[in-house]
Amino acid sequence: MKYYSTNHLAPLATLRDAVTKGLAPDKGLYMPQSLPVMSPSFFEHIQDLSLPEIAGKVATALFGEDVPEEELHQIACETLNFEIPVVHVNDNIYSLELFHGPTLAFKDVGARFMARMLAHFVKTSTEGNTINVLAATSGDTGSAVANGFLGVEGIQVYVLYPYGKVSPIQEAQFTTLGQNITAIAIDGTFDDCQALVKKAFTDDALNNRMKLTSANSINLARLLPQTFYYFHAYAQMKRNGLDRNLRICVPSGNFGNIAAGLIAMKMGLPVHRFIAANNRNDVFCRYLSTGEYHPSATIPTIANAMDVGAPSNFARILDLFNGSHDAIQAVVAGMAFDDNQIRVTISNVYRSYNYLLDPHGACAYAALHKLLRPGENGLFLETAHPAKFSETIASVIGRRPQLPQRLQAFMDRKKQSIFMDNDFESFKCFLLNKG
Ligand SMILES: *Cc1c(COP(=O)(O)O)cnc(C)c1O
């Protein structure tokens with residue numbers, strides 16, 4: 001399989017190049033030239049397959065030309081070793097709980113699979129260079145990436161985060177690990193961290209000296225494994241006779257998660273419709289209703305992992321539908337909610353159905369509840385454990401959700417970060433000394 005850039009100005013790339021570089025040289029995002037379609041017999045028996053079995057088969061369809069099948073199955077078994085259950089909430093609305101991984105958010109899936117795929121490419125490389133993964137984070141990405149890559153041979157990870165602006169539990173998850181994980185506290189904002197990382201990817205001196213790649217959803221090795229749980233969700237719905245007219249709602253920020261869902265659909269997954277749920281950062285919803293795409297400045301909300309004003313995967317969604325607004329609108333609906341609506345949703349669903357949503361899942365539940373039609377089965381993606389947002393949840397329901405034991409353990413460990421000014425030359429110097 002070859003990969004093209006959504007800007008169409010870069011040569012086709014191999015999977016190895018696409019995942020070890022992250023972004024195409026023309027700054028576009030890589031996409032598979034054609035998407036494999038899963039066979040009818042796969043869907044016929046899917047309800048009998050486990051998550052690692054499904055992931056192994058889908059991964060083989062996507063990556064099998066470039067990574068040996070046994071290796072893909074092994075990576076699937078070792079990285080997807082936690083539950084992703086479908087849970088009934090009310091009427092015909094179900095929650096796909098994506099938060100049972102090590103850092104309690106859906107990004108664990110992509111980050112863990114990506115780490116092992118990169119490790120495969122390092123191991124089989126003739127140059128044998130270490131790959132350096134740079135990740136700017138406002139909290140969740142850093143913890144998922146750091147935990148996913150911890151101890152993986154041939155890879156060094158640098159997590160840049162805005163000093164004093166991430167929650168204590170998030171900070172503990174990427175500053176206490178050591179080994180191949182280095183945390184860098186920047187005296188600045190998340191946008192400053194992101195700008196430093198972006199600048200590093202285009203700096204010639206740095207790129208000549210060391211291999212740099214990104215671990216956010218612009219990287220295909222993180223994005224494509226997110227298709228696995230859509231197939232797994234479908235298998236569970238089918239097992240319970242709920243697979244007809246399936247409408248899936250995805251709480252969206254950078255639109256990597258829903259892009260993976262749409263890719264799964266193009267690979268044959270029988271989904272009727274999608275919904276993109278937004279917080280007040282609603283550029284995509286506005287695109288759906290007007291046909292015009294105007295990125296805007298980020299608005300802070302209580303569903304902060306979705307605070308994105310210019311979603312990077314928009315280009316991929318456009319390409320999946322040949323740039324046609326009508327074609328996108330025929331499959332994807334959108335709806336946005338402000339902080340107050342999010343709080344009311346968390347409170348109502350908790351009191352009426354005894355199900356505790358996190359602020360991101362609450363946007364998705366609310367959109368699905370509003371847009372689900374009679375005769376449809378609704379599934380929303382619950383992307384984080386409510387305990388990750390304990391302040392917000394406590395202010396809504398009057399008590400703190402219980403933090404799972406294994407997360408509490410991070411809080412007792414020693415935090416270690418390198419402090420740095422918001423200055424590219426210092427960052428560059430630091431990396432060059434390491435590499
Ligand atoms: C990252 C994140 C999202 C948004 O996912 P995208 O792929 O960026 O659209 C939603 N919820 C949570 C909890 C997240 O961490």
Side-chain angles (χ1 to χ4, degrees), residues 29 84 95-111 114 135-148 161 166-167 169-170 173-174 190 194 214-227 229-230 248-264 274-285 287 295 298 301-317 332 334 336-337 342 346 356-367 380-390 392-393 401:
L29 307 188
I84 304 186
S95 166
L96 179 67
E97 294 189 344
L98 285 162
F99 56 71
H100 297 283
T103 74
L104 309 185
F106 86 97
K107 292 184 174 76
D108 281 329
V109 173
M114 174 182 176
T137 187
S138 54
D140 264 2
T141 304
S143 38
V145 168
N147 281 274
Y161 69 102
V166 305
S167 78
I169 181 68
Q170 286 173 326
Q173 284 180 296
F174 54 78
F190 167 65
Q194 184 132 334
S214 87
N216 65 26
S217 59
I218 67 166
N219 197 310
L220 277 179
R222 207 186 107 189
L223 180 87
L224 292 176
Q226 293 177 178
T227 56
Y229 49 71
Y230 286 93
I248 298 184
C249 183
V250 187
S252 297
N254 247 330
F255 282 71
N257 205 0
I258 197 170
L262 294 167
I263 288 171
F274 280 88
I275 303 168
N278 275 167
N279 57 25
R280 282 187 62 211
N281 297 277
D282 62 348
V283 261
F284 186 79
C285 293
Y287 163 77
T298 301
T301 76
I302 57 170
N304 61 4
M306 288 154 52
D307 294 350
V308 180
S312 35
N313 287 290
F314 180 72
R316 284 191 169 122
I317 293 176
V332 191
F337 300 89
I342 294 172
I346 294 172
L356 189 54
L357 296 160
D358 95 291
H360 307 81
C363 292
Y365 173 89
F380 68 96
L381 274 50
E382 183 34 295
T383 45
H385 193 295
K388 290 197 95 169
F389 305 91
S390 64
T392 301
I393 301 295

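Order of appearance sets the numbers: ligands from 1, and atoms from 1 within every ligand. What you see below is based on every heavy atom in this structure, not just the backbone, and it leaves out hydrogens, waters and symmetry mates.
Closest protein heavy atom to atom 11 (N) of ligand 1: Thr383 OG1, 2.8 Å. Taking atom 5 (O) of ligand 1 as the reference point, the nearest protein heavy-atom neighbour is Phe106 CZ, 3.5 Å. Nearest protein neighbour of atom 8 (O) of ligand 1, counting heavy atoms only, is Asn254 N, 2.8 Å. Looking only at heavy atoms of the protein, atom 4 (C) of ligand 1 is closest to Gly253 N, 3.6 Å.
Contact atoms of ligand 1 toward Met306: 10 (C) (distance under 4.0 Å to a heavy atom of the residue). Within ligand 1, counting atoms from 1 as listed, the ones closer than 4.0 Å to a heavy atom of Asp140 are 13 (C), 15 (O).
Across all their heavy atoms, Cys363 and Asn278 have their closest contact at SG-O, 4.0 Å. Nearest heavy atoms, Ser143 versus Phe174: N-CD2, 3.6 Å. Across Thr227 and Ala260, no two heavy atoms sit closer than the pair CG2-O, 3.3 Å.
Taking each of His385, Lys107, His360 in turn, the one with a heavy atom nearest to atom 14 (C) of ligand 1 proves to be Lys107.
To the nearest 0.5 Å, the span separating CD1 on Ile302 from NE2 on His360 amounts to 9.0 Å.
Contacts with ligand 1 closer than 4.0 Å are made by no heavy atom of Ala105, backbone or side chain.
Between the side chains of Asn313 and Arg316, at least one donor N or O lies within less than 3.5 Å of an accepting N or O. A donor atom on one side chain and an acceptor atom on the other are found under 3.5 Å apart for Thr301 and Asp307.
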